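Being a predicted model, the structure only gives us computed values, none of them experimental.
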Amino acid sequence: MSEQPEIGGTRPIVGELAAGEYWWCACGKSKNQPYCDGSHAGTSFQPQRFELSEAKKCALCTCKRTANMPFCDGAHNKL
């Protein structure tokens, strides 16, 4: 069985993001959810890079169970 990420939160973080590069926490350990702070060191997880070409409203997953990383797909409703 593969290692499961920690649940970083039970609701997505929704907000307007500027165009640019972001690093989404995939391990669930970051204290800066939903973004990576390096807490994955020593685990099998790596942050997920994503880029926005223009500003847009996003719902970023914090439960780490989404099938649409880094975006929320409602998986937190099944926890």
Side-chain angles (χ1 to χ4, degrees):
M1 184 174 181
S2 65
E3 184 179 8
Q4 287 287 320
E6 289 186 19
I7 296 171
T10 57
R11 294 184 182 150
I13 294 178
V14 180
E16 186 80 20
L17 292 179
E21 177 183 82
Y22 297 89
W23 292 91
W24 176 77
C25 168
C27 71
K29 295 181 178 199
S30 175
K31 301 294 185 232
N32 188 31
Q33 290 294 330
Y35 306 106
C36 177
D37 69 0
S39 294
H40 62 277
T43 72
S44 62
F45 297 99
Q46 294 295 315
Q48 170 91 28
R49 179 189 173 278
F50 70 102
E51 189 169 346
L52 299 175
S53 58
E54 60 187 40
K56 73 180 218 175
K57 187 174 184 177
C58 297
L60 299 176
C61 175
T62 62
C63 78
K64 312 307 173 187
R65 302 304 189 266
T66 183
N68 189 28
M69 291 185 270
F71 305 104
C72 176
D73 68 0
H76 60 277
N77 291 316
K78 298 176 187 167
L79 294 176

>> Is there a side-chain contact between H40 and Q46 in this structure, where contact means two heavy atoms from C-beta onward sitting under 4.5 Å apart?
In response: yes
>> When you compare the side chain of Y22 with that of P34, does any pair of heavy atoms fall below 4.5 Å?
In response: no
> Among pairs that include at least one residue of residues 68-79, which meet salt bridge (Lys or Arg N to Asp or Glu O under 4.0 Å), considering only residues two or more places apart or in two chains?
Replying inline: none
> With sequence neighbours left out, which residue pairs that include part of residues 58-79 fulfil the ring-ring contact (aromatic ring centres under 6.0 Å, His included) condition?
Replying inline: F50-F71
>> How long is the straight-line distance from OG of S39 back to CD of E6, given to the nearest 0.5 Å?
In response: 9.0 Å
>> Tell me which pairs pass side-chain hydrogen bond (donor to acceptor under 3.5 Å, both in side chains) where either residue lies in residues 8-20, with sequence neighbours left out.
In response: none
> Do you reckon I13 sits in the same ILVMFWY cluster as Y35, going by side-chain contacts under 4.5 Å, direct or chained?
Replying inline: no
> Shared ILVMFWY cluster between L17 and W24, side chains joined below 4.5 angstrom?
Replying inline: yes
>> Is it the case that over 12 heavy atoms from other parts of the model lie below 6.0 angstrom from the CD atom of E54?
In response: no
>> side-chain contact (heavy atoms from CB on, under 4.5 Å) for R65 and Q4? Distances and angles first, verdict last.
In response: CA-CA 9 Å; R65 302 304 189 266; Q4 287 287 320; 3.6 Å; yes
> Got a sec, which hydrophobics cluster with W23, joining ILVMFWY side chains under 4.5 Å apart, including via others?
Replying inline: none
> If you link I, L, V, M, F, W and Y whenever their side-chain heavy atoms are under 4.5 Å apart, who else ends up in the same group as L79?
Replying inline: I7
>> If the condition is side-chain hydrogen bond (donor to acceptor under 3.5 Å, both in side chains), which residues does S53 pass it with, not counting sequence neighbours?
In response: none
> Considering all heavy atoms of both residues, which atom of C27 and which atom of F45 are nearest to each other, and what is their separation?
Replying inline: CB-CB, 3.7 Å
> Can you name the side-chain contact (heavy atoms from CB on, under 4.5 Å) partners of A59, sequence neighbours left out?
Replying inline: P12, V14, C72
> Of all residues at least two apart in sequence or in a different chain, which pass the side-chain contact (heavy atoms from CB on, under 4.5 Å) check with S30?
Replying inline: C25, N32, Q33, D37
> Who are the salt bridge (Lys or Arg N to Asp or Glu O under 4.0 Å) partners of E51, not counting sequence neighbours?
Replying inline: R49
